[in-house]
Amino acid sequence: MAKDIVSEVFSSVSKYYDFFLNLVTFGKIKNWQRDMLSYLSKEGSILDIGTGTGEVLVQSKLEGLKVGIDISFGMLKIAKGKCAECYFIFADAEDLPFKDNSFKNLTVSLVYRHLHNRGRFLKEAKRVLVKDGRLAILDINRFWLTPVLVFLMRFPMKPIGIFLFGKDKWDFFIHSLENSVGEGELKKELETAGFMVINTNRKLMGVVYITIAKKV
């Protein structure tokens, strides 16, 4: 899906996104994000990819530089209102506007499956991370329950989704779920890009995973 369409979708749902995310994760999303952050370095800088409404940076206890990027102006506007000390930039994850070795930590929360070219992103992630810098990815797992989740979104949850976002945008979220990346596939992609997976933690009976890797 074209990036301008993705940008338009997320800008249009930005006002309802936190409510929706809390709803579909049964109120667990903030706990998962805090868990993801707990695996990272306690000092240094952090870059949050596809920062959305800025929740990951809001919850980060890091005292260093906090930067979030997104291709949705609507999301960035809300994020800035939440975290005055953070820096939010309109930028593409596959063409990061930062120098080499700029960050010690890099987070990707519920964004990886949306990336147009994951290999290109991982190349950029490795470039901007310092040696031994950590990359944390929280996303929906692709496994035997994936068709069940797609069914729930297509039918029982559809009226709520359409009410909140409209049919086209709800269909986009279903499509993104169908494009989710499994743990094994993610591990291969990370290793191919020059990262070493050091931890994977499953949530919600394996529906969601948190994978931590370091630049080697």
Side-chain angles (χ1 to χ4, degrees), residues 1-36 48-56 58-59 70-79 82 93-94 107-118 121 136-190 200-211:
M1 185 171 289
K3 293 178 184 178
D4 58 340
I5 296 177
V6 175
S7 174
E8 180 183 344
V9 167
F10 280 100
S11 286
S12 65
V13 303
S14 58
K15 293 180 180 179
Y16 314 103
Y17 189 69
D18 285 343
F19 170 78
F20 165 69
L21 208 51
N22 194 59
L23 178 68
V24 298
T25 62
F26 307 103
K28 299 293 186 181
I29 182 59
K30 289 186 179 182
N31 290 337
W32 297 343
Q33 290 172 335
R34 283 193 289 267
D35 194 8
M36 174 182 68
D48 187 36
I49 301 294
T51 195
T53 63
E55 274 299 315
V56 170
V58 168
Q59 295 182 80
D70 209 296
I71 59 172
S72 164
F73 280 116
M75 289 288 195
L76 290 171
K77 183 178 180 180
I78 292 177
K82 287 184 178 182
E94 297 165 21
T107 52
V108 190
S109 178
L110 299 177
V111 170
Y112 194 72
R113 70 189 185 280
H114 293 300
L115 295 173
H116 181 69
N117 187 326
R118 299 195 298 269
F121 159 69
I137 298 175
L138 187 165
D139 218 318
I140 296 172
N141 196 7
R142 184 175 185 84
F143 68 134
W144 64 273
L145 265 179
T146 302
V148 176
L149 297 175
V150 171
F151 173 83
L152 291 174
M153 291 184 71
R154 285 195 182 280
F155 298 103
M157 295 178 65
K158 188 172 184 178
I160 298 175
I162 292 177
F163 174 75
L164 289 173
F165 306 119
K167 184 179 183 303
D168 291 343
K169 297 177 182 66
W170 186 245
D171 286 343
F172 167 80
F173 287 117
I174 294 174
H175 178 71
S176 75
L177 179 59
E178 292 174 323
N179 285 343
S180 55
V181 181
E183 288 178 56
E185 184 179 2
L186 175 61
K187 186 173 185 292
K188 289 179 181 177
E189 292 180 358
L190 287 167
T200 294
N201 190 358
R202 300 177 186 86
K203 303 291 184 181
L204 203 64
M205 298 181 294
V207 174
V208 172
Y209 57 73
I210 299 171
T211 293

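Bear in mind the structure is a predicted one, so any value in this text is a computation, not a measurement.
Side-chain contact between Thr200 and Leu186 is absent, with no heavy atoms from C-beta onward closer than 4.5 Å. By the 4.5 Å heavy-atom criterion applied to side chains, Thr51 and Met75 are not counted as neighbours. Residues Asp139 and Val181 fail the side-chain proximity criterion, which asks for heavy atoms closer than 4.5 Å. Using a 4.5 Å heavy-atom cutoff, the side chains of Lys77 and Ser14 are not in contact. Between Ile49 and Phe121 there is a side-chain heavy-atom pair separated by less than 4.5 Å. Residues Leu110 and Leu21 are in side-chain contact: their nearest non-hydrogen atoms beyond the backbone lie under 4.5 Å apart.
Taking CG from Leu149 and CG from Asn141, the interatomic distance works out to 10.0 Å, rounded to the nearest 0.5 Å. The CD1 atom of Ile137 sits 7.0 Å away from the OH atom of Tyr209 when rounded to the nearest 0.5 Å. Remark: Ile29 CD1 to Leu204 CG distance equals 10.5 Å, nearest 0.5 Å. Note that CG of Asp35 is 8.5 Å distant from CG of Leu138, once rounded to the nearest 0.5 Å. We find the CD-OG1 distance between Glu189 and Thr211 to be 11.0 Å, quoted to the nearest 0.5 Å. Going from atom CG of Asn22 over to atom OH of Tyr17 covers 12.0 Å, rounded to the nearest 0.5 Å.
Applying the ring-ring contact (aromatic ring centres under 6.0 Å, His included) rule to Tyr16 yields no partners; only residues at least two apart in sequence or on another chain are considered. In this structure Asp70 satisfies the side-chain hydrogen bond (donor to acceptor under 3.5 Å, both in side chains) test with no other residue, sequence neighbours excluded. Under the side-chain hydrogen bond (donor to acceptor under 3.5 Å, both in side chains) criterion, Lys82 pairs with Asp18, Thr53, Glu55, not counting sequence neighbours. Residues passing the side-chain contact (heavy atoms from CB on, under 4.5 Å) test with Arg142, sequence neighbours excluded: Thr146, Ser180.
In terms of heavy-atom proximity, Gly74 sits nearest to Ser11 at N-OG, 3.2 Å. Smallest separation of non-hydrogen atoms from Val108 and Val111: CG1-CB, 3.7 Å.
Using a distance-only test at 3.5 Å, with no hydrogens or angles considered, no donor-acceptor pair links the side chain of Gln33 to the main chain of Gln59.
Residue pairs that meet the side chain to side chain donor-acceptor pair (under 3.5 Å) test with at least one member in residues 154-163, sequence neighbours left out, are Arg154-Glu178.
The neighbour count for Arg34 CZ, taken as heavy atoms of other residues, nucleotides or ligands under 6.0 Å away, is above 12. Within 6.0 Å of NZ in Lys30 there are 12 or fewer heavy atoms belonging to other residues, nucleotides or ligands.
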Got a list of side-chain donor-acceptor pairs under 3.5 Å for residues 162-174, not counting sequence neighbours?
from	atom 1	to	atom 2	distance (Å)
Lys167	NZ	Asp171	OD2	2.9
Trp170	NE1	Met153	O	2.8

